[in-house]
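Counting convention: from 1, in listed order, for ligands and their atoms alike. Computed from a predicted model, the values in this text were never measured in an experiment.
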Amino acid sequence: MEVKNQVSLAQYNSFSISVNTPLFAEVTTSLALQEVLKDPRFKEALILGGGSNILLLQDLSRPVIKISIPGIRIIAENEQTAIVSAGAGVVWHDLVMWCIVNNLGGIENLSLIPGLVGAAPIQNIGAYGVELSDVFHNVIGIGRKTGDSKIFDAEECNFGYRDSIFKNELKDEYVITTLRLSLTKINHQLHLDYGGISKTLDEMGVTAPTIDDVAKAVIRIRSAKLPDPSKLGNAGSFFKNPVVLTSKAVQIAKEFPDMPAYTVDENFTKIPAGWLIEQAGFKGKVFGNVGMHKNQALVLVNYGDATGTELWEHAQRVMDAVLAKFDIDLEPEVNLIN
Ligand SMILES: Cc1cc2nc3c(=O)[nH]c(=O)nc-3n(C[C@H](O)[C@H](O)[C@H](O)COP(=O)(O)OP(=O)(O)OC[C@H]3O[C@@H](n4cnc5c(N)ncnc54)[C@H](O)[C@@H]3O)c2cc1C
């Protein structure tokens, strides 16, 4: 394993922010990871996947360990289901495509989500009515302090909306090396009711959709809607959709009858953060090098050479405006890295 000094992270984060790290190591095996975790210089290291869910605020004083552990294989199967195991360094979308080619159903709605497999359980990635937790079998993590490997089942991961134990009680405690998913071999359960999938399948002339068709529809919708980070720096949805008391949502809806809202349970309602940001007047408005995207107000964009601080200052401007207008606190979905 090669350790490099003074490495620019510009190509390692989807905002394309140009900051440096003093030390950089890339690991391609669990053994190499255990080795580097023992090295005292890497004690406080930032664990980096594809860099599509981080905002780097400034030059790092700590090292970076880039996770590049490869490999996808079936480790168990019966007539109905297969357990697929993938290395943390596999590109998430490559795993989705591998599953489609092998006729394994369950993650087709999660097509084209950027990033690597190892980060997927950290925030329980989700899109178009499906979350990772719906197909999750278990993960293997290596304790950063102990170097021991541990298997976490779904219950232990405590998954929630863009949330897991790895963002809370076990934040920075474990490095994920392997993810295992339980996928269908037959009788795939298609999720077509969300985000215009059915409409897109109609436009594609598909009447009896397969998992491949669903993936193609999702790819089509996402490509039309979301800015490509290789052309315009961004990290997807910058904020979580806030969940508020239903009484509060009802009160807001009196003034804004067109407000979209989704029932969470008998007491709580989810309001799309993109709608709140649009109402606060930020959709498509550019402030110097930064702004919220013109097609998707939830996406914070680096239009030029913005620094992490500029981007974060704009995010705070948006949060303040939404708080002032609706009395709702937006919470970043993206991880802020000092
Ligand atoms: C255009 C765009 C669209 C997006 N759309 C979606 C979407 O639809 N749904 C969604 O859920 N997300 C979406 N995202 C966010 C992002 O793709 C996911 O959060 C993804 O899982 C991040 O993966 P990554 O490898 O880039 O993680 P990174 O950004 O590298 O890391 C994210 C966090 O996880 C930690 N981490 C990374 N790897 C490991 C590991 N192996 N072990 C322990 N900790 C680790 C990091 O330290 C960091 O705190 C989008 C992003 C972009 C740019």
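Among protein heavy atoms, the minimum distance from atom 42 (N) of ligand 1 is reached at I176 N, 2.8 Å. With respect to atom 31 (O) of ligand 1, the closest heavy atom belonging to the protein is I54 CG2, 4.0 Å. For atom 16 (C) of ligand 1, the closest non-hydrogen atom of the protein is S52 OG, 3.3 Å. Scanning the protein heavy atoms around atom 1 (C) of ligand 1, the nearest turns out to be N234 OD1, 3.4 Å. For atom 52 (C) of ligand 1, the closest heavy atom belonging to the protein is G236 N, 3.2 Å. Of all protein heavy atoms, the one closest to atom 37 (C) of ligand 1 is A119 CB, 3.7 Å. Looking only at heavy atoms of the protein, atom 8 (O) of ligand 1 is closest to R222 NH1, 3.0 Å. Among all protein heavy atoms, the one lying closest to atom 35 (C) of ligand 1 is I47 O, 4.1 Å.
Salt-bridge formation is detected for the pair D228/K231: a Lys NZ or Arg NE/NH1/NH2 atom is positioned less than 4.0 Å from an Asp or Glu carboxylate oxygen. Salt bridge annotation for K283-E278: present, with a cationic side-chain nitrogen under 4.0 angstrom from a carboxylate oxygen. Using a cut-off of 4.0 Å between Lys/Arg side-chain N and Asp/Glu carboxylate O, K199 and E203 are scored as salt-bridged.
Across the listed options D172, N335, L336, N335 owns the non-hydrogen atom lying nearest to atom 48 (C) of ligand 1. Of the candidates P227, S230, S237, G126, the one placing a heavy atom closest to atom 7 (C) of ligand 1 is G126. Counting only non-hydrogen atoms, the option in P114, G87, S14 that gets closest to atom 50 (C) of ligand 1 is P114.
A heavy-atom separation below 4.0 Å is found between Y174 and ligand 1. The closest approach between any non-hydrogen atom of K167 and ligand 1 is not below 4.0 Å.
With T178 contributing its side chain and I140 its backbone, the two residues share no donor-acceptor pair below 3.5 Å. Checking side-chain atoms of W92 against main-chain N and O of L110 turns up a donor-acceptor pair under 3.5 Å.
Among the atoms of G115, none of the N or O lies under 3.5 angstrom from an N or O of ligand 1. For ligand 1, the polar-atom distance check against L116 finds a nitrogen or oxygen pair separated by under 3.5 Å. Checked against a 3.5 angstrom limit, the closest N/O atoms of G50 and ligand 1 fall inside it. Considering backbone and side-chain N/O of A235, none are found under 3.5 Å from N/O of ligand 1.
The OH atom of Y174 lies 12.0 Å from the CG atom of L37; values are rounded to the nearest 0.5 Å.
Heavy-atom contacts of R162 reach the following atoms of ligand 1: 11 (O) (cutoff under 4.0 Å).
A cation-pi contact, defined as under 6.0 Å to the ring centre and within 45° of the axis, is absent between K285 and F287.
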